[in-house]
Amino acid sequence: MNALAAGGAATARDPAFPAQALREQFPALTRAGTFIFFDNAAGAQVPQGVLDAVNQHLIEHNVQRGGRYRRSIAVDTSIARARCSVAAFLNASKAEEIAFGMNATSFIRLISLAIGQTLGARNEIIVTDLDHEANVATWLALESMDAKFVWWKIRADGCLHTDDLAPLLSQRTRLVACTLTSNALGSIVDVRKAADLVHGVGAEIFIDAVHFGPHGPLDVQALDCDYLVCSGYKIFAPHMGFLWGRYDLLARLPTFREDFIPDVPPGKIEAGTFIYENVAGMDAAVQYLAQIGRMLAHKTGAATAESLHADTRIAMLAIQHYEQQLSLELGRVLQDCGAQIYGIDTPARVSARVPTFCFNMPGILPQTVVEAAARADIGIRDGHMYAPRLMKRLHLPTHTGAVRASLVHYNTVDEIHRLGNVLRELR
Ligand SMILES: Cc1ncc(COP(=O)(O)O)c(C=O)c1O
């Protein structure tokens, strides 16, 4: 018997976590009929409050910011409020440390190009073979700026171990770029420990928190990292991205901006117009999470800006706990169906992963598995998951890759069992 199966069935439902009630706040879920959203790593659904915020923005102040008239001032106010909300969500020390933009990839590119211009004797960048290609190729592109690259590699368990990072660091290290959680395997990296090691040699650490974002509490001060990027559309907001960076580091970075834009964050990181209505949606997504925290903590009265970090933290801790039950059950069902799971597959290590599972069914092409699931009205994904180097490490052909099921807090154990039925029939 394999490891997760040996752990026995997870408790079918976590009575403390109101997944069913929360599902009702997502119109896409209530209108989807029997369809199961198990492709959340590629983007999550949005609650009604987010839809309302986007609509309200488009109806009431769909104009350019920076004008002297009421509607334009309302745009400035809305962006400023969203900046404070996201800063609270991340426990940033200043709202100005948050920049809004199109997506995570363009922010990684922006920061990497700026860092590329600051390379001197410290010209080594450490990248990993676990990361999404967005946090690898962007840094490798600095080769033309004389950057040298060092690889922090996963071990046989599919995880990055900080013990393997230590010997790679030196006085030549400029920056370590690594993920907080693998978008393919769901494994969590101990980035706090990595940050301590990196700072010990006077280097910086850039964290890709895109995949972790919807799964647990983020706290940039506790992580003690230097830069961190997220995609709002993975955290129950519309398509947009945001970047956090230490204020003094952002202030020093040479970024592209027009001459009339002051050389200070966040303006120097936000060249051009971004999608204001989606930023309003991100603000509403933080409020949605805060409202879960307030409900779970039995808080009454109106939410305050001061309590926003504490409220979202309560929500994300509850989400994390609930999602561990989902991970246990999905792992058990996959193993029961004979699937080969890549990465963490033992119940004892469930807290080191999120409910994102990469697997293959022996002798069956990933595409065939995903098509069978689609016929059963279940959305999962096959391929290299934008982590082709990881697929190579797993000895999987990049063009076929693996199957990925990625769950979030609105998914349920009953949905996992429906996927199990499809896999069992296939076998
Ligand atoms: C871990 C990770 N990093 C980066 C990205 C790229 O994000 P974006 O689409 O916002 O550029 C993704 C997208 O799936 C991801 O999962």
Side-chain angles (χ1 to χ4, degrees), residues 37-46 86 90 98-113 127-141 152 154 158-160 175-189 191 194 205-216 218 223 225 227-245 269-270 272 274-275 278-279 281-282 285 323 342-343 353-358 379-391 393 401-408:
F37 291 88
F38 271 4
D39 189 22
N40 297 289
Q45 300 308 301
V46 301
V86 172
L90 298 182
I98 306 296
F100 293 123
M102 300 301 287
N103 52 50
T105 308
S106 53
F107 273 128
I108 305 172
R109 175 75 172 151
L110 185 151
I111 297 297
S112 63
L113 280 178
V127 286
T128 87
D129 59 1
L130 182 67
D131 269 80
H132 188 287
E133 192 65 5
N135 200 30
V136 181
T138 38
W139 299 103
L140 296 184
W152 179 14
I154 55 169
C159 295
L160 286 172
L175 180 130
V176 173
C178 85
T179 191
L180 177 47
T181 299
S182 163
N183 66 299
L185 309 187
S187 42
I188 299 171
V189 181
V191 298
I205 184 162
F206 183 104
I207 299 300
D208 176 347
V210 171
H211 192 69
F212 183 80
H215 297 296
L218 277 168
L223 291 176
C225 48
Y227 307 94
L228 180 142
V229 72
C230 283
S231 311
Y233 70 95
K234 310 280 170 82
I235 318 177
F236 320 110
H239 288 103
M240 57 83 73
F242 56 88
L243 172 92
W244 167 87
I269 318 284
E270 291 177 340
F274 49 87
I275 307 176
N278 291 357
V279 168
M282 185 68 233
E323 288 188 2
Y342 303 105
R353 64 144 48 255
V354 300
T356 300
F357 280 72
C358 230
I380 53 177
R381 182 169 292 268
D382 63 293
H384 54 59
M385 309 306 149
Y386 302 87
R389 293 162 213 272
L390 174 63
M391 294 297 142
R393 277 300 305 278
V403 181
R404 181 182 70 188
S406 53
L407 282 57
V408 290

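Given the structure is predicted, the values throughout are model-derived calculations rather than measurements. Each ligand, and each atom within it, is numbered from 1 in the order the structure gives.
- Residues satisfying the side-chain contact (heavy atoms from CB on, under 4.5 Å) criterion with Ala194, sequence neighbours excluded, are Trp152, Thr162, Leu165, Ile205.
- Residue pairs meeting the side chain to side chain donor-acceptor pair (under 3.5 Å) criterion with at least one member in residues 205-216, sequence neighbours excluded: His211-Thr356, His215-Glu323.
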Note down each nitrogen or oxygen pair, ligand 1 side and protein side, whose separation is under 3.5 Å; give only atom names and the distance to 0.1 Å.
from, atom 1, to, atom 2, distance (Å)
ligand 1, 3 (N), Asp208, OD1, 3.4
ligand 1, 3 (N), Asp208, OD2, 2.5
ligand 1, 7 (O), Ser231, OG, 3.4
ligand 1, 9 (O), Tyr233, OH, 2.5
ligand 1, 10 (O), Ala104, N, 2.8
ligand 1, 10 (O), Ser231, OG, 2.7
ligand 1, 11 (O), Ala104, N, 3.4
ligand 1, 11 (O), Thr105, N, 2.9
ligand 1, 11 (O), Thr105, OG1, 2.5
ligand 1, 14 (O), Lys234, NZ, 2.5

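- Residues Arg404 and Asp39 form a side-chain contact, since some pair of their non-hydrogen atoms from C-beta on lies under 4.5 Å apart.
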Pair up each side-chain donor or acceptor in residues 182-189 with any protein partner under 3.5 Å, not counting sequence neighbours, and list the distances.
from, atom 1, to, atom 2, distance (Å)
Ser182, OG, Ala184, N, 3.0
Ser182, OG, Leu185, N, 2.8
Asn183, ND2, Met385, O, 2.9

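- By the 6.0 Å contact criterion, CZ on Arg109 is open, its count of non-hydrogen atoms from other residues, nucleotides or ligands being 12 or less.
- Considering only heavy atoms from C-beta on, Phe100 comes within 4.5 Å of Met240 through its side chain.
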